[in-house]
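Heads up: the structure comes next, in structure tokens.
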Protein chains: 2
Amino acid sequence: MARRTQEQRKAETRARLIDAAAELFATKGFHAVSAEAVADAADRTTGALYSHFGGKEGLLLALLDVWKERTAAQLSDEVASAPDPGTHFAAMWGSITRPAADRGDSWLLLEVELWLHGARDAQVGSPLARRYAEVRQQLGEGLDQWAEVTGTRLPRTPYETGGLVLGVLLGCALQHRLDPGAVPEQLVVDGLSSLLGLRTPCDVHDPSAPVPPRPTKGKRS
Amino acid sequence: MARRTQEQRKAETRARLIDAAAELFATKGFHAVSAEAVADAADRTTGALYSHFGGKEGLLLALLDVWKERTAAQLSDEVASAPDPGTHFAAMWGSITRPAADRGDSWLLLEVELWLHGARDAQVGSPLARRYAEVRQQLGEGLDQWAEVTGTRLPRTPYETGGLVLGVLLGCALQHRLDPGAVPEQLVVDGLSSLLGLRTPCDVHDPSAPVPPRPTKGKRS
DNA sequence: GTCTATATTTCGATAGAC
DNA sequence: GTCTATCGAAATATAGAC
């Protein structure tokens, strides 16, 4: 009874191949990685890969499925455990930019790699678009519920809010990856707060204020 | 005197190869395109390609240079010719999402393709990071000057502002590409206005207002 | 179900003619 | 400076043993 069944062995091989593919596709790129390299990294052979997924393309699609579930679960956890949007934003930003234990620092790379394939191939793009829609929805609903609890009101629908928040996070993460100093966490959290109408109102653009002390910490004059 | 000099022919071949590379790298991806395919599309041969750029990698670096200049020039034009931030944002959003005559609809694809290579290879990443910094700077300065003229004041430094604006544009463009309906132009322009503190203040999150008519045009409940 | 070995194709890069 | 021809390397995918 200690011996693993075929089912278990099959599932493990699948998982090993998908994990290896996630790592390699992210760090090197789909077309730059051979099927054999993926199989080697998973301690299997190309034969097993073809048996399970029919080829590299099939492996990519399977990876997309797993990726969907993982990120959805992670998002739910984060939304549920945040006391307020500020820390929520900081947590999300951290999970995007900080390298995590289970997924190196390649999360963003794989995300962009998948996006590129989705933009070029509808077979990948269609499920990917659904996933983005779900993220917008979950993100927006979470923020909307928080707003309701605290008596504030979002200036946009939850879905629209989710789109803008996701946009800021993605766009800033892209810049952060190439130049971390250019996009500090505080700036992102601050920008997201502005977007949700949570900032100190009415005083930032009052023309009558004589000389509002101008922040000067940004790069370059 | 009507005959072209060697210099001109050389320059034309360079340009043809770079243009073909831009198109193919964007639509198929760098590793998915053979050097021969690029040469064929440019009506030249691999021999000419290797003579000019030393290989596919060299061609990518040369393309990055040209790309830098082109986008910088385009950005300057747009900033200079916009009467106010609203139309400025709309124009930029259009130039990102709408397919243009000279560059198909592959602008964003090539941008992301280059980003991926930059994130993986410092030789590409370094000049790319510089370009992003310049874009943030130019974008921020343009908006700051506009703010000064109209008597308003940006809530952040120009450079920070440029980073957030660029982030929103990029992040929303990524979503838009997979699902155009999910991120309409108005939402992006509206979000950018919020970010700059240009929106109707003080009324969007007033808890005393009885029932601020909730917009409902977003997808999904 | 997985592995070894291999067939077939395609790519990157070069050598030499023009 | 460009083209033709080609070499060696590497990739995908398969066939058959275990």
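Protein chains get the first letters and strands the later ones, always in sequence-line order, with residue 1 at the start of each. Bear in mind that the values here come from a model prediction, so they are computed numbers and not experimental data.
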Would you tabulate the nitrogen or oxygen pairs shorter than 3.5 Å linking the protein to nucleotides 13-17 of chain D?
from   : atom 1 : to      : atom 2 : distance (Å)
D:dA13 : OP2    : A:Tyr50 : OH     : 2.8

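- Contact annotation: B:His31 does not reach the phosphate of C:dC11 (side-chain N/O to OP1 or OP2, under 4.0 Å).
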Validation: residues 115-123 of chain A side-chain donor-acceptor distances under 3.5 Å, sequence neighbours left out:
from     : atom 1 : to       : atom 2 : distance (Å)
A:Trp115 : NE1    : B:Leu174 : O      : 2.8
A:His117 : NE2    : A:Glu113 : OE2    : 3.1
A:Arg120 : NE     : B:Ala26  : O      : 3.0
A:Arg120 : NE     : B:Thr27  : O      : 3.4
A:Arg120 : NH1    : B:Glu113 : OE1    : 3.4
A:Arg120 : NH2    : B:Phe25  : O      : 3.2
A:Arg120 : NH2    : B:Ala26  : O      : 3.0
A:Arg120 : NH2    : B:Glu113 : OE1    : 2.7
A:Asp121 : OD1    : A:Gln123 : N      : 3.0

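- In this model, no donor atom of one side chain and acceptor atom of the other lie less than 3.5 Å apart for B:Glu141 and B:Gln145.
- Protein atom CG of B:Leu49 is 14 Å distant from nucleotide atom P of C:dC11, rounded to whole Å.
- With sequence neighbours left out, A:Glu111 forms a salt bridge (Lys or Arg N to Asp or Glu O under 4.0 Å) with A:Arg131.
- A search for salt bridge (Lys or Arg N to Asp or Glu O under 4.0 Å) contacts involving B:Arg14 returns nothing, not counting sequence neighbours.
- Under the 3.5 Å distance criterion, with hydrogens and angles disregarded, no donor-acceptor pair is assigned to the side chains of B:Asp190 and B:Ser193.
- Distance, B:Leu59 CG to C:dG12 C1': 13 Å, rounded to whole Å.
- Not counting sequence neighbours, B:Ser126 has no partner by the side-chain hydrogen bond (donor to acceptor under 3.5 Å, both in side chains) test.
- Evaluation of the side chain to side chain donor-acceptor pair (under 3.5 Å) test over residues 53-66 of chain B, restricted to residues two or more places apart or in two chains, returns none.
- When the nucleotides D:dG1, D:dC3, C:dT2 are ranked by their closest atom to the side chain of B:Arg44, D:dC3 comes out on top.
- Under the side-chain hydrogen bond (donor to acceptor under 3.5 Å, both in side chains) criterion, B:Tyr50 pairs with no residue at all, not counting sequence neighbours.
- Atom-to-atom, NZ of A:Lys28 to P of D:dA10 comes out at 14 Å; the value is rounded to the nearest Å.
- Regarding A:Phe53, its CZ atom lies at a distance of 15 Å from the P atom of D:dT12, rounded to whole Å.
- Between A:His52 atom NE2 and D:dT12 atom C1' there is a gap of 19 Å when expressed in whole angstrom units.
- Look at CG on A:Asp43: it is 20 Å from P on C:dG1, rounded to the nearest Å.
- Within the structure, ring-ring contact (aromatic ring centres under 6.0 Å, His included) contacts touching residues 174-196 of chain B (residues at least two apart or in different chains) are B:Trp93-B:His176.
- Following rounding to the nearest Å, B:Gln8 (CD) and D:dG1 (C1') show an atom-to-atom distance of 15 Å.
- Taking every heavy atom of residues 33-41 of chain A and every atom of DNA chain D, pairs under 4.0 Å involve A:Val33, A:Ser34, A:Ala35, by number.
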